[in-house]
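Here the structure comes first, spelled out in structure tokens, and everything after it is commentary.
Values below: every heavy atom of this structure, side chains too, minus hydrogens, waters and symmetry copies.
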Amino acid sequence: MEPERTERRTLVVEFTQKADSRAAVLIEGVSKWFGTFQALDKVSLNVAVGERLVICGPSGSGKSTLIRCVNQLETHDEGRIVVSGAELRPGMRGLAEVRRDVGMVFQQFNLFPHLSVLDNCTLALRRARKIPKDAANQIAMEKLERVHIAEQAKKYPRQLSGGQQQRVAIARALCMKPKIMLFDEPTSALDPEMVKEVLDVMTALAKEGMTMICVTHEMGFAREVADRVVFMDKGAIIEEAAPQKFFGNPEHDRTKQFLKQLLH
Amino acid sequence: MSFIEIVLGILQGADVTAEVTFFGLLYAVPFAVLAGVLQHFSTGAARWAITALIEFWRSTSVIVLLYVFYYSLPAFGIELSAVAVGAMVLGLNAGAYSSQSVRAALQSLDRGQCEAGLALGLNRFAVLRWIELPQALRKMIPTFVNEAIQLIKGTALVSLITLTDMTFRAKQIAQSTYDPVAIYSGLLLCYLMVCYPVTLLGRHLERSTGKLGERVNEL
Amino acid sequence: MSFDLAFAVEIIPRVLEGIGNTILVGILSFIGATLLGFLWEMLRRSNRWVRPIVQFLVDAIRSTPALVQIYFLFFVLPYYGVVLPAILVGIFGLSFYYSGYISEVFKAGIEAVPAGQSEAALSLGLNRWDTVMYVVAPQMLRNIAAPLGAYSIGILKSTPLLAVIAVPEMLGSAFDVASDTYRYAEPMFIAGVLFLLLALIAAFLVGTLERRLGLLGTSH
């Protein structure tokens with residue numbers, strides 16, 4: 001255990017010197033195993049500040065695992081991840097501070113059922129950022145306004161539709177004024193008619209210059225918003241390209257096959 | 001007396017413990033199924049009556065009821081042996097608790113199961129007997145196992161109404177030998193030997209009920 | 001010897017003398033069992049060396065009769081020179097016995113809170129303590145309210161066990177009447193009725209309390 005750690009630390013120093021200060025997220029040679037199953041296989045990926053990245057790929061390709069590593073909901077076994085200048089390590093101090101700068105939106109919303117919409121948004125402001133109640137409420141209402149759901153602030157999550165819940169989840173993440181937003185299949189659990197309201201909010205956010213990493217199969221969204229599309233399969237990045245190139249003229253057979261399946 | 005001798009002495013009461021447990025189960029299982037089914041299907045006054053009966057057994061304290069039945073029933077002209085009182089009180093108490101999981105299991109079944117059975121031309125009773133109960137009973141096996149443990153442990157109480165079970169034997173030994181550590185450790189050990197495997201079984205079943213159900217359905 | 005109703009009614013006040021101790025023992029044992037049960041569950045979650053030991057303890061507690069555990073405490077403690085009032089031994093015995101069950105209630109209650117909840121809280125930058133305090137615990141509380149309420153009634157119904165170690169609670173008072181009058185049928189019958197009433201009233205109060213606190217609201 002110990003020798004391995006010192007070895008990693010020397011690597012860390014080396015890499016950090018090379019790190020691009022403009023990178024919002026820097027992923028280098030990251031691997032992850034669940035038991036004997038390799039979920040990520042030496043993945044390297046840089047996301048610049050203000051960049052919009054869409055990650056797609058078949059289920060089990062490791063795309064969710066990858067973005068969950070970016071805020072360390074999963075720990076990586078190899079390689080390194082730097083988020084706005086801070087290297088992420090398992091059990092590191094100050095992880096909570098890094099997470100406050102990284103907003104996350106989940107497939108299943110994960111709103112807190114025992115708190116009202118407003119309290120969902122203010123919980124972290126008040127407990128983590130230590131912002132007084134009134135100021136926190138003001139910030140929350142502003143963000144709820146932005147996702148067009150301010151009128152539901154007093155309701156509880158279960159009283160809202162799926163699309164409304166997901167917009168609240170986005171507002172909740174925005175309240176922390178994150179530098180980066182992670183979206184983990186944000187529309188996959190939604191009924192078809194609710195997908196658009198969530199994508200509209202995400203598109204607006206992208207237009208405002210938010211750095212975004214989105215795992216999604218919404219190719220229309222990718223085409224319109226993404227600066228770069230990444231295709232993953234079996235834990236590795238197979239292809240990355242600008243949307244026109246990615247959709248118009250993909251290089252790899254597996255990418256072509258995947259896009260074909262999505263169209264049918 | 002050595003620890004081994006003490007344990008052997010306690011185990012002389014194992015037959016009474018086993019007897020009360022066995023007859024207790026004979027009360028518990030039929031009562032649980034019958035009361036659960038009746039509560040699920042009945043309406044109005046009938047439902048009120050069966051619910052009251054179940055609630056009586058769930059709301060009374062076993063130890064108090066043992067004394068009431070043992071000492072008070074004869075005054076009303078009902079003479080029961082101590083074994084009968086013990087088995088009945090412990091059994092119907094466990095049965096009443098189990099009946100609630102029978103009812104809950106029946107209620108949790110998809111309505112489509114019953115409708116599919118009726119659509120096949122089965123009558124309501126056949127649907128219950130061949131479609132609903134088999135599925136419901138499988139869900140309740142963990143509850144039944146846990147109630148069986150309660151029943152076995154409950155038999156220690158019959159020592160209070162003069163039955164010579166394991167606990168009674170231990171108290172008897174304690175009168176002639178002052179070695180409370182060995183006697184009561186031995187007694188705990190005797191119950192542990194019987195109930196601990198069942199507790200582990202119950203824990204295992206609780207965890208794997210879903211899988212168990214699927215596996216049996218495939219057969 | 002037939003049942004003498006007039007005599008039965010006459011002895012009600014004397015049997016009721018023990019009700020104060022019954023309620024006291026019930027409440028204190030419930031508090032003790034909840035604290036101990038919480039302790040077991042926290043130890044079980046602490047580390048992988050402690051876990052199997054505590055797990056065995058919990059299973060062993062649940063695999064032996066409450067009566068025998070109470071006898072054990074009552075007769076073994078004095079052997080080692082620890083002489084406590086019977087009522088304390090009884091409270092501790094009931095607390096210990098029910099802690100085995102209540103630890104399972106805590107376990108199930110915590111496990112029933114979806115993993116996504118703490119993930120969402122952590123990803124907002126809340127620390128572990130705040131995540132537990134403001135996100136997991138409030139939801140767990142809802143999950144455990146009903147089973148804890150049921151165990152509080154269960155404990156109350158087990159308090160007559162303490163009559164066997166001469167704690168002067170309600171069943172004990174009934175025995176006192178019986179040995180004074182040489183009649184068992186009526187005192188036992190009255191004790192049965194009074195315990196049933198007490199359990200029903202307690203169940204009603206616990207239910208009301210849970211509704212008042214909004215703990216039984218439809219979860220998620």
Relative to chain C, which segment of [X] carries a heavy atom at a distance below 4.5 Å: side chain, backbone, both, or neither?
X: B:T60; answer: both
X: B:S185; answer: both
X: B:L200; answer: side chain
X: B:L65; answer: neither
X: B:R203; answer: side chain
X: B:L160; answer: side chain
X: B:L157; answer: both

Worksheet item: C:F96 vs C:W40 aromatic rings, parallel, tilted or perpendicular, using cut-offs 30° and 60°?
Response: perpendicular
Item to complete: Specify which of C:Y80, C:F195, C:F75 makes the most heavy-atom pairs with chain B at under 4.5 Å.
Response: C:F75
Worksheet item: Is a salt bridge present between C:E210 and C:R142, judged by a nitrogen-to-oxygen distance below 4.0 Å?
Response: no
Discussion item. Could you check whether C:D180 pairs with C:R14 (Lys NZ or Arg NE/NH1/NH2 to Asp/Glu carboxylate O, under 4.0 Å)?
Written reply: yes
Interface residue of largest heavy-atom contact number with chain C, from [options], under 4.5 Å:
options: B:K171, B:Q150, B:M166, B:E55; result: B:K171
options: B:S159, B:C190, B:A156, B:A170; result: B:A156
options: B:I149, B:V198, B:L187, B:V62; result: B:L187
options: B:I183, B:V181, B:L189, B:V194; result: B:V181

Discussion item. Using modelled atom types and a 3.5 Å cut-off, is there a donor and acceptor pairing between side-chain atoms of C:K157 and backbone atoms of C:S152?
Written reply: no
Measure distances from [X] to the heavy atoms of chain B and classify the residue's part below 4.5 Å as side chain, backbone, both or neither.
X: C:V164; answer: side chain
X: C:L161; answer: both
X: C:F74; answer: neither

Practice prompt. For residues C:Y79 and B:Y178, establish whether the separation of their ring centroids is below 6.0 Å.
Written response: yes
Close side-chain approach of [X] to [Y], heavy-atom, < 4.5 Å:
X: C:P160; Y: C:E169; answer: yes
X: C:L73; Y: C:I70; answer: no
X: C:M170; Y: C:L198; answer: yes

Worksheet item: Which pair of non-hydrogen atoms, one from B:L66 and one from B:V85, has the smallest distance, and what is that distance?
Response: O-CG1, 3.9 Å
Item to complete: Indicate the atoms forming the closest heavy-atom contact of C:Y97 with C:I61, along with that distance.
Response: O-CG2, 3.3 Å
